[in-house]
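Here's the structure we're looking at; comments come further down.
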Protein chains: 2
Amino acid sequence: MATYRSDEGWDALGDPTRRAIVACLAEQPRAVGELARELPISRPAVSQHLKVLKDAGLVVDQQAGTRRVYRLNPAGVAALRDQLDTFWRRALDSYQDVVDQTTEEDS
Amino acid sequence: MATYRSDEGWDALGDPTRRAIVACLAEQPRAVGELARELPISRPAVSQHLKVLKDAGLVVDQQAGTRRVYRLNPAGVAALRDQLDTFWRRALDSYQDVVDQTTEEDS
DNA sequence: CCCCTTGGTAAGTCGTAGCTTACCGTTCGT
DNA sequence: ACGAACGGTAAGCTACGACTTACCAAGGGG
């Protein structure tokens, strides 16, 4: 089956807390402590999530004094988006067949 | 950051097996048994995954005799893709700031 | 009319992912 | 140079989700 090399990316976005982090970083780059303050979890938990997101290539970090600022990685996000886009296009093709055959509704 | 209404969609794609199912359905629509035959899990497991995917709006099903054919739902896939696209655009903005700062420090 | 195929549901087990507390290294300010 | 702030890691607990087997409902063909 078409190899996902971005498996880690999907796994990373599979967690609601990590999606919240991503959404937060989409607004603006933030340090670890700032993220922890806006989320209902402890700072170590944020660190662990950031490690997953970083390994997946979805975020990048940058040392700034004693703080460490994280931001979204455009390339990583784009990779996942492109995959969905591919699925979407293929789905449209199959959908065309449905229109031809029937206009049934399911439960 | 509140407005994920497609939380279920991300949770659904968070599982590797479900991603395999989605990739399989992207090739062509299939019945439950056909999917089970191409995957290393039992047929009930496939049914359970399909229920999750259907609740998330990523697939639609269609009765065909005694069989039940599943296919991708273009709208569901597009919804997730659009979210990633939004994140991607915001990520580019932040990335632009990085480029500005680093080039200033360059000299 | 029977039964065989197909598929959804129930019950139960097991692995793992996510959280917390505790600890340690590092960097800045004074 | 010392202390405080910031952040990553370790260890351990808990809960949830993915899978299995067993069972049941429904539609179609001989």
Side-chain angles (χ1 to χ4, degrees), chain A residues 1 4 6-25 28-73 101-102 104-107, chain B residues 1 4 7-25 28-71 105:
Chain A
M1 222 153 309
Y4 278 150
S6 48
D7 242 17
E8 291 179 349
W10 295 114
D11 286 338
L13 288 185
D15 179 72
T17 301
R18 279 194 291 267
R19 288 197 297 273
I21 291 177
V22 167
C24 211
L25 293 181
Q28 60 169 305
R30 293 178 206 264
V32 180
E34 292 172 344
L35 284 170
R37 241 167 275 130
E38 304 202 21
L39 295 171
I41 59 175
S42 68
R43 188 191 47 72
V46 174
S47 268
Q48 293 161 8
H49 283 306
L50 285 173
K51 175 178 176 56
V52 174
L53 289 170
K54 184 181 175 183
D55 289 345
L58 289 175
V59 304
V60 292
D61 60 331
Q62 181 183 10
Q63 192 90 16
T66 166
R67 309 192 330 151
R68 182 167 285 262
V69 177
Y70 282 82
R71 67 184 69 245
L72 284 192
N73 179 18
Q101 292 175 3
T102 173
E104 257 281 338
E105 284 282 319
D106 57 320
S107 60
Chain B
M1 81 190 72
Y4 273 152
D7 243 16
E8 292 179 349
W10 295 113
D11 286 337
L13 288 185
D15 181 70
T17 302
R18 280 195 289 268
R19 288 198 296 273
I21 292 178
V22 167
C24 209
L25 293 180
Q28 62 168 304
R30 293 178 207 263
V32 180
E34 293 173 343
L35 285 170
R37 242 167 275 131
E38 305 203 21
L39 295 171
I41 58 174
S42 67
R43 188 191 48 71
V46 173
S47 268
Q48 293 163 7
H49 283 306
L50 285 173
K51 176 178 175 56
V52 174
L53 289 170
K54 184 180 174 185
D55 289 345
L58 289 175
V59 304
V60 293
D61 60 330
Q62 180 184 13
Q63 193 90 15
T66 166
R67 309 186 337 142
R68 183 168 283 264
V69 177
Y70 283 81
R71 69 182 69 246
E105 297 171 2

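This is a predicted model, so every value here is computed, not measured. Note that these values count all heavy atoms, side chains included, but never hydrogens, waters or copies made by symmetry. Numbers restart at 1 for each chain; the letters A, B, ... are given by sequence-line order, proteins then strands.
- Close to C:dT6, at under 4.0 Å from its OP1 or OP2, lies no side-chain N or O of B:Y70.
- How far CD of B:Q48 is from OG of B:S42: 7.5 Å, rounded to the nearest 0.5 Å.
- Atom CZ of B:R18 and atom CG of B:L39 lie 12.5 Å apart (nearest 0.5 Å).
- We find that CZ of B:R37 is positioned 11 Å from C1' of C:dT5, with the value rounded to whole Å.
- Summarising the geometry of A:D11 relative to B:G14, their closest heavy-atom pair is OD1-O, 3.2 Å, with the distance given to 0.1 Å.
- At whole-Å resolution of the value, CZ in A:R19 and C1' in C:dA17 are 14 Å apart.
- One can place CG of A:L50 at 15 Å from C1' of C:dC19, the figure rounded to the nearest angstrom.
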Self-check item: Candidate pair B:R43 and B:S47, rule side-chain contact (heavy atoms from CB on, under 4.5 Å), full reasoning
Solution: CA-CA 6 Å; B:R43 188 191 48 71; B:S47 268; 4.3 Å; yes
Self-check item: Sugar-phosphate or base contact per nucleotide [nucleotides 9-26 of chain D; S, B, -; heavy atom under 4.0 Å]
Solution: BB-------SBBBB----
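- We find the CZ-CG distance between A:R19 and A:L13 to be 7.5 Å, quoted to the nearest 0.5 Å.
- At its two ends the helix from C:dC1-D:dG30 to C:dT30-D:dA1 runs along axes set 30° apart, each axis drawn from five pairs and the angle rounded to 10°.
- Contact annotation: A:R68 side-chain N/O to D:dC6 OP1/OP2 distance is not under 4.0 Å.
- With rounding to the nearest 0.5 angstrom, the CG atom of B:L53 is 11.5 Å from the CG atom of B:D61.
- Here the P atom of nucleotide C:dG7 and the CD1 atom of B:I21 are 13 Å apart, to the nearest Å.
- Rounded to an integer number of Å, the gap from CD of A:Q63 to P of D:dG7 is 9 Å.
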Quiz prompt | Steps toward side-chain contact (heavy atoms from CB on, under 4.5 Å) verdict (B:I21, B:L50) | solution = CA-CA 8 Å; B:I21 292 178; B:L50 285 173; 4.0 Å; yes
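- One finds the CG atom of B:L58 at 10.5 Å from the CG atom of B:L25 (value rounded to the nearest 0.5 Å).
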